[in-house]
Amino acid sequence: MSRKERLERIIEYFRKAMPDAVTELKYQSPYELLVAVILSAQCTDKRVNQITPLLISRFPSPHKLAEAKPDEVFQYIRSCSYPNNKAKHLVGMAQMLVKEFNGNVPSDIEDLMKLPGVGRKTANVIAAVVFNKPVMPVDTHVFRVASRLGLIQNAKTPLAAEKQLVQLIPENLITLSHHWFILHGRYICISRKPRCSKCGLVDICPYRNKNLKE
DNA sequence: ATCCCGAGGG
DNA sequence: CCCTCTGGAT
């Protein structure tokens with residue numbers, strides 16, 4: 001089975017299982033999504049969603065957050081991973097938004113990556129979700145699911161995985177596929193104990209057929 | 001003990 | 001390439 005055939009089968013399955021998959025992060029503006037995605041590093045979306053309402057009500061705009069002291073921001077985000085780093089990143093990010101981008105979230109990947117706390121994955125999320133660009137953010141779920149399903153091979157870095165996936169998947173399906181992989185990875189193709197009995201792709205899954213035959 | 005929508009620095 | 005940051009759930 002070629003990778004293209006494999007992809008067709010996977011798309012067919014996900015279209016039925018999750019026809020309109022979107023991010024589970026709660027947000028009402030590009031600024032709020034940017035804050036949420038920065039917080040989501042090594043932290044569950046569920047916890048981020050518990051944090052952001054209070055944080056956003058205290059710092060409702062880049063301008064407000066730019067004037068904040070990292071110590072105060074820390075108090076709002078202390079229950080997520082790396083709160084010290086993220087507090088500094090959030091304030092620095094807001095300051096750069098105000099100074100360099102007129103208080104607006106930029107659409108260009110290179111511009112986004114200039115922001116403190118914004119690496120390639122976060123930049124790609126903003127570009128994809130806010131600006132509808134055909135880019136593939138590769139996080140731990142995307143990397144794992146794409147690997148297990150045999151959509152990528154020998155990818156040692158997220159960037160290598162990203163390049164393979166962007167080349168493989170039709171442009172108009174890249175962002176939707178990103179969300180499919182995230183949600184499938186979160187609820188079905190779990191890292192430690194995949195729920196293969198809930199998965200409709202077991203017949204074509206190399207990972208399942210090699211490692212988990214029951 | 002391992003994982004969660006990683007990023008920055010050496 | 002490596003390391004550190006670092007809370008909470010399972």
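Both backbone and side-chain heavy atoms feed into the values below; hydrogens, waters and symmetry mates do not. Lettering of chains follows the sequences in order, A, B, ..., and the numbering in each one begins at 1.
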Quick one: [X] [atom1] to [N] [atom2], roughly how many Å, whole number?
X         : N       : atom1 : atom2 : answer
Met93(A)  : dG8(B)  : CE    : P     : 12 Å
Asn85(A)  : dC3(C)  : CG    : P     : 18 Å
Arg47(A)  : dT10(C) : CZ    : P     : 10 Å
Lys46(A)  : dC5(B)  : NZ    : C1'   : 15 Å
Gln42(A)  : dT2(B)  : CD    : C1'   : 11 Å
Phe143(A) : dC5(B)  : CZ    : P     : 17 Å

Mind running a 4.0 Å heavy-atom check of residues 107-134 of chain A against DNA chain C and sending the residues that fall below it, in number order?
none

Contacts to DNA chain C from residues 64-82 of chain A, heavy-atom cutoff under 4.0 Å, which residues?
Arg78(A), Ser79(A), Cys80(A), Ser81(A), Tyr82(A)

Pairwise C1' distance for dC5(B) and dC2(C), with rounding to whole Å
23 Å

What's the gap between dC3(C) and dT2(B) when it is taken at their P atoms, as a whole Å value?
16 Å

We want to know whether Arg58(A) and Gln75(A) form a side-chain donor-acceptor pair, criterion being a heavy-atom distance below 3.5 angstrom.
no

To the side chain of [X], which of [options] is closest?
X         : options                : result
Asp139(A) : dG6(B), dT6(C), dC4(B) : dG6(B)
His89(A)  : dG8(B), dC4(B), dG8(C) : dG8(B)
Arg192(A) : dG8(C), dT2(B), dG6(B) : dT2(B)

Would you give the length of the straight line joining atom [atom1] of [X] to atom [atom2] of [Y], rounded to the nearest 0.5 angstrom?
X         : Y         : atom1 : atom2 : value
His184(A) : Tyr13(A)  : NE2   : OH    : 6.0 Å
Cys189(A) : Ile182(A) : SG    : CD1   : 12.5 Å
Leu39(A)  : Tyr76(A)  : CG    : OH    : 13.5 Å
Ser40(A)  : Leu25(A)  : OG    : CG    : 5.5 Å

side-chain N/O Asn84(A) vs dT6(C) OP1/OP2, d < 4.0 Å:
yes

Could you tell me if the side chain of Pro170(A) sits less than 4.5 Å from the side chain of Leu7(A), heavy atoms only?
yes

hbond_proxy Ser40(A) side chain to dC4(B) base (donor-acceptor, 3.5 Å cutoff):
no

Verify, without hydrogens or angle tests, whether Arg144(A) (side chain) and Gly185(A) (backbone) share a donor-acceptor contact under 3.5 angstrom.
yes

Using a 4.0 Å cut-off on heavy atoms, which residues in residues 184-191 of chain A reach DNA chain B? List them by number, or say none.
Arg186(A), Ser191(A)

